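Working notes, structure below.
Each chain gets a letter, A, B and so on, in the order the sequences are listed, and its residues count up from 1. What you see below is based on every heavy atom in this structure, not just the backbone, and it leaves out hydrogens, waters and symmetry mates. Given the structure is predicted, the values throughout are model-derived calculations rather than measurements.
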Amino acid sequence: MQTIDPVRYEKLIHLQSMGIAPFGSRYEVTHSSIGVIEGFVEGNEIEVSVAGRVVSLREHGKSAFANLKDRAGKVQVYVRRDVVGEDNFAVFCGLELGDFIGVCGKTFKTKTGEITILVENFTFLSKSLRPMPKEWYGLKDIETRYRQRYVDLIVNDEVKETFITRSRVIRMIREFLDKRDFLEVETPMMQSMVGGATAKPFVTHHNSLGMDLYMRIAPELYLKRLIVGGLERVYELNRNFRNEGISTRHNPEFTMLEIYQAYADYNDMMRLTEELVVHLCQNIKGSLQIEYQGQMLDFTPPWKRVTVCEAIENVLRTRIKGMQDVEAIAIQQGLSVKELLDDVLDHKIEKELVQPTFVIDFPTILSPLAKSMPDNQEITERFEFYISSQEIGNAYSELNDPIDQRKRFVDQNAEGVDEDFVRALEYGMPPCGGLGIGIDRLIMILTNSASIRDVILFPQLRKEGDK
RNA sequence: GGGCUGUUAGCUCAAUUGGCAGAGCAGGGGACUCUUAAUCCCAAGGUUAUAGGUUCGAUUCCUAUACAGCCCA
């Protein structure tokens with residue numbers, strides 16, 4: 001354990017000796033910092049009370065200026081010894097960057113035209129015992145920024161902006177779907193069987209049931225049970241957990257939006273994707289052309305569509321008529337079809353998918369939960385969509401044939417058959433379109449963030465060493 | 001998992017070929033009644049991530065470890 005800064009502790013004791021509580025309580029706030037500035041009318045100066053953190057302090061002998069920061073922004077306050085009295089003025093000058101105070105007084109305009117509060121009285125609200133990085137220089141050390149996000153948020157305004165935007169995006173998604181009569185639901189995050197995606201799960205244990213549980217890697221199989229149950233339009237916007245590598249694009253827990261719509265198919269999901277992303281783009285950025293990490297992205301629909309076969313053709317420069325050709329190439333290269341496709345999509349084609357693009361018509365053998373084409377059992381009605389060379393989402397016409405589903409579980413799923421899910425399908429699931437969108441990655445694009453860690457408040461890091 | 005890079009004062013950064021580890025800001029003392037990266041004066045602040053090694057001498061070269069970043073798998 002680290003010891004408390006002796007100088008700051010000394011100040012705390014000094015405050016107490018003067019009868020001032022270093023960690024105060026409730027304070028009546030009438031205005032936010034920006035509210036004070038926006039509400040200012042020359043000739044009609046009003047009494048305001050504002051609370052916030054001291055982020056700068058400029059003493060001038062018998063007066064002093066300070067800036068208070070609150071959730072809205074900053075406001076300047078001006079304290080004069082002849083107004084607040086000698087003792088109070090001394091307390092004010094003893095403030096340190098990071099301390100919280102509440103101030104009360106009338107607004108005025110300084111010589112330089114800045115709207116400022118002339119402090120009539122102030123209340124000490126909370127002592128800061130750690131030195132604060134000076135705002136002008138900021139906090140740049142990326143490890144400290146992630147580990148001590150609270151400091152990052154205090155000092156780096158653009159970080160706060162990013163997370164405010166994130167919150168707005170999430171709210172807009174809910175509004176967008178609610179308007180289309182989708183129902184937000186919550187399904188289990190602790191599941192007795194892994195399903196809905198291919199990924200290693202986190203395992204946990206329920207003591208009184210005496211059973212292992214898996215943190216969900218996807219909510220898909222539960223949401224489709226709800227389609228069986230007649231809810232028809234459902235979505236879930238919440239955390240998934242995957243026990244895999246960590247990178248600028250992967251965090252072990254991440255936020256996923258999954259949408260299921262009865263009587264729809266993957267073409268409807270493509271339209272829904274375009275409409276949702278366009279809606280967010282327009283409302284967050286005010287344009288469908290946005291800059292992301294130095295490249296211009298154009299979200300004007302319809303987005304480009306390319307089939308998986310075309311993608312392979314482009315990469316391998318050979319004609320492909322059907323899945324037999326793909327399999328033949330895979331065998332020739334000593335790969336499985338999945339490996340070939342991973343290689344083509346993740347390493348070759350992905351780089352070229354900068355503009356929003358739907359990659360469509362995936363092989364059935366890689367899509368155990370998707371409905372195959374009516375005229376071709378080897379291809380499914382499925383797409384993934386890419387923006388800025390990142391996979392953002394995945395969707396398909398859902399497989400609603402329980403007999404086929406059981407067979408695919410047996411053939412393609414290492415985890416085996418989810419008997420209850422198949423039982424649900426046996427009761428009958430209407431044709432249905434499903435869509436999953438990686439929300440963190442989408443927010444990276446909407447906030448021009450290079451790393452997924454810049455859009456997750458507390459990203460996963462290794463245990464902190466002794467520094 | 002592999003490769004490369006980084007870790008120096010609370011923060012942001014210096015340090016020549018291996019030769020006394022330095023600045024700005026923050027913090028401390030003082031001056032100052034319109035400043036806003038306030039200004040001026042003074043003093044202080046360091047186990048150079050950790051553990052070893054080479055060397056008369058290591059922030060600097062070598063090895064290992066920890067954490068982080070980037071790239072690749």
Side-chain angles (χ1 to χ4, degrees), chain A residues 2-14 33 37 53-69 73-86 88-90 92-99 105-119 127-157 200 243-251 293 335 339 342-343 345-348 350-351 389 449-454 459-467:
Chain A
Q2 212 174 331
T3 50
I4 290 171
D5 180 332
V7 176
R8 292 207 170 210
Y9 186 68
E10 193 58 44
K11 286 208 175 188
L12 182 147
I13 298 298
H14 184 242
S33 56
I37 292 162
R53 194 189 281 275
V54 177
V55 291
S56 63
L57 184 61
R58 297 173 291 283
E59 282 180 59
H60 289 274
K62 297 187 183 67
S63 74
F65 288 93
N67 287 88
L68 294 192
K69 189 171 191 175
K74 279 186 287 189
V75 66
Q76 181 171 256
V77 302
Y78 182 49
V79 180
R80 294 169 56 128
R81 194 170 74 170
D82 58 5
V83 175
V84 298
E86 203 161 318
N88 284 329
F89 188 71
F92 194 90
C93 290
L95 286 169
E96 288 170 295
L97 300 192
D99 291 349
K106 278 205 171 119
T107 50
F108 74 104
K109 223 178 217 181
T110 64
K111 273 181 192 165
T112 55
E114 181 165 349
I115 293 149
T116 300
I117 302 168
L118 177 60
V119 176
K127 182 75 196 149
S128 168
L129 292 174
R130 291 207 181 234
M132 191 69 53
K134 174 104 173 153
E135 271 203 316
W136 181 260
Y137 296 92
L139 175 66
K140 291 190 181 154
D141 182 84
I142 204 151
E143 185 175 347
T144 311
R145 286 189 41 224
Y146 293 150
R147 286 197 196 277
Q148 297 177 243
R149 184 70 90 180
Y150 37 90
V151 181
D152 193 24
L153 285 165
I154 293 164
V155 176
N156 296 326
D157 283 340
K200 291 192 197 96
N243 202 344
E244 300 192 340
I246 296 177
S247 75
T248 47
R249 297 169 177 204
H250 300 86
N251 196 61
Q293 301 292 305
L335 300 168
E339 285 167 339
D342 280 350
D343 182 53
L345 274 182
D346 291 352
H347 305 305
K348 306 238 165 74
E350 199 177 74
K351 289 191 187 71
S389 304
S449 301
S451 169
I452 199 167
R453 290 172 177 169
D454 294 326
Q460 193 62 51
L461 300 174
R462 275 172 217 272
K463 215 186 278 177
E464 192 173 2
D466 295 325
K467 277 204 119 181

Determine whether [X] and [Y] make a side-chain contact, defined as any pair of heavy atoms from C-beta on separated by less than 4.5 Å.
X      : Y      : answer
A/L57  : A/F92  : yes
A/V75  : A/N67  : no
A/K109 : A/T116 : no
A/N251 : A/Q460 : yes
A/P131 : A/E96  : no
A/L68  : A/R53  : no
A/L139 : A/N156 : yes

Please state how far atom [atom1] in [X] lies from atom [atom2] in [N], giving the value in whole angstrom units.
X      : N      : atom1 : atom2 : answer
A/E350 : B/rC71 : CD    : P     : 13 Å
A/D152 : B/rU12 : CG    : P     : 11 Å
A/D141 : B/rA68 : CG    : C1'   : 8 Å
A/I246 : B/rC72 : CD1   : C1'   : 17 Å
A/Q148 : B/rA68 : CD    : P     : 14 Å
A/D5   : B/rA9  : CG    : P     : 16 Å
A/L97  : B/rA37 : CG    : P     : 14 Å
A/K111 : B/rA38 : NZ    : C1'   : 14 Å

Nucleotide of [options] approaching [X] most closely (side-chain heavy atoms):
X      : options                : result
A/E59  : B/rC11, B/rC32, B/rU35 : B/rC32
A/Q76  : B/rC34, B/rU36, B/rC71 : B/rU36
A/R462 : B/rU12, B/rC71, B/rA68 : B/rA68
A/T248 : B/rC71, B/rA68, B/rG27 : B/rC71
A/K140 : B/rC70, B/rC13, B/rG28 : B/rC13
A/K11  : B/rC34, B/rU36, B/rG27 : B/rG27
A/K62  : B/rU33, B/rU35, B/rC11 : B/rU33
A/P131 : B/rA68, B/rG10, B/rA38 : B/rG10
A/F65  : B/rA68, B/rC70, B/rU35 : B/rU35
A/R80  : B/rU33, B/rC11, B/rG27 : B/rU33

query: B/rC25 phosphate, OP1 or OP2: any side-chain N/O from A/K134 under 4.0 angstrom?
result: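 The answer is no; no side-chain N or O of A/K134 sits under 4.0 Å from OP1 or OP2.
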State whether A/R58 places a side-chain N or O below 4.0 Å from either non-bridging phosphate oxygen (OP1 or OP2) of B/rU35.
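Looking at the OP1 and OP2 atoms of B/rU35, neither is under 4.0 Å from any side-chain N or O of A/R58.
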With rounding to whole Å, what would you report as the distance between [N] and [M] at their [atom1] atoms?
N      : M      : atom1 : value
B/rG19 : B/rU5  : C1'   : 27 Å
B/rA38 : B/rA26 : C1'   : 15 Å
B/rA37 : B/rA23 : P     : 25 Å
B/rA58 : B/rC20 : C1'   : 14 Å
B/rC34 : B/rG30 : C1'   : 22 Å
B/rG28 : B/rU16 : P     : 33 Å
B/rA21 : B/rU33 : P     : 42 Å
B/rG18 : B/rU59 : P     : 13 Å

Could you let me know what [N] is paired to, Watson-Crick or G-U wobble, both distances under 3.5 Å, or none if it's on its own?
N      : result
B/rA23 : B/rU12
B/rU60 : none
B/rU54 : none
B/rU47 : none
B/rG28 : B/rC42
B/rC4  : B/rG69
B/rU36 : none

Requested in this report: Classify the side-chain pair A/R58/A/S56 by whether it contains a donor and acceptor separated by less than 3.5 Å.
Outcome: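 On atom types as modelled, these side chains qualify, holding a pair under 3.5 Å.
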*With distance as the sole criterion, is a donor-acceptor pair present between the side chains of A/Y146 and A/D152 under 3.5 Å?*
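Checked: A/Y146/A/D152 side chains show no N/O donor-acceptor pair below 3.5 Å.
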Looking for any heavy atom pair under 4.0 Å, which part of the strands does [X] touch: base, sugar-phosphate only, or nothing?
X      : value
A/E114 : base
A/F89  : nothing
A/Y78  : base
A/K109 : nothing

Q: By nearest nucleotide on RNA chain B, pick out whichever of A/G138 and A/R8 is the more 5' one.
A: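 This one resolves to A/G138.
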Worksheet item: Given that A/L139 and A/T116 both sit by RNA chain B, which one's nearest nucleotide is further toward the 5' end?
Response: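 Whichever sits nearer the 5' end wins; that is A/L139.
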Review point. Ignoring hydrogens and angles, are the base of B/rU35 and the side chain of A/T110 linked by a donor-acceptor pair under 3.5 Å?
Key: yes
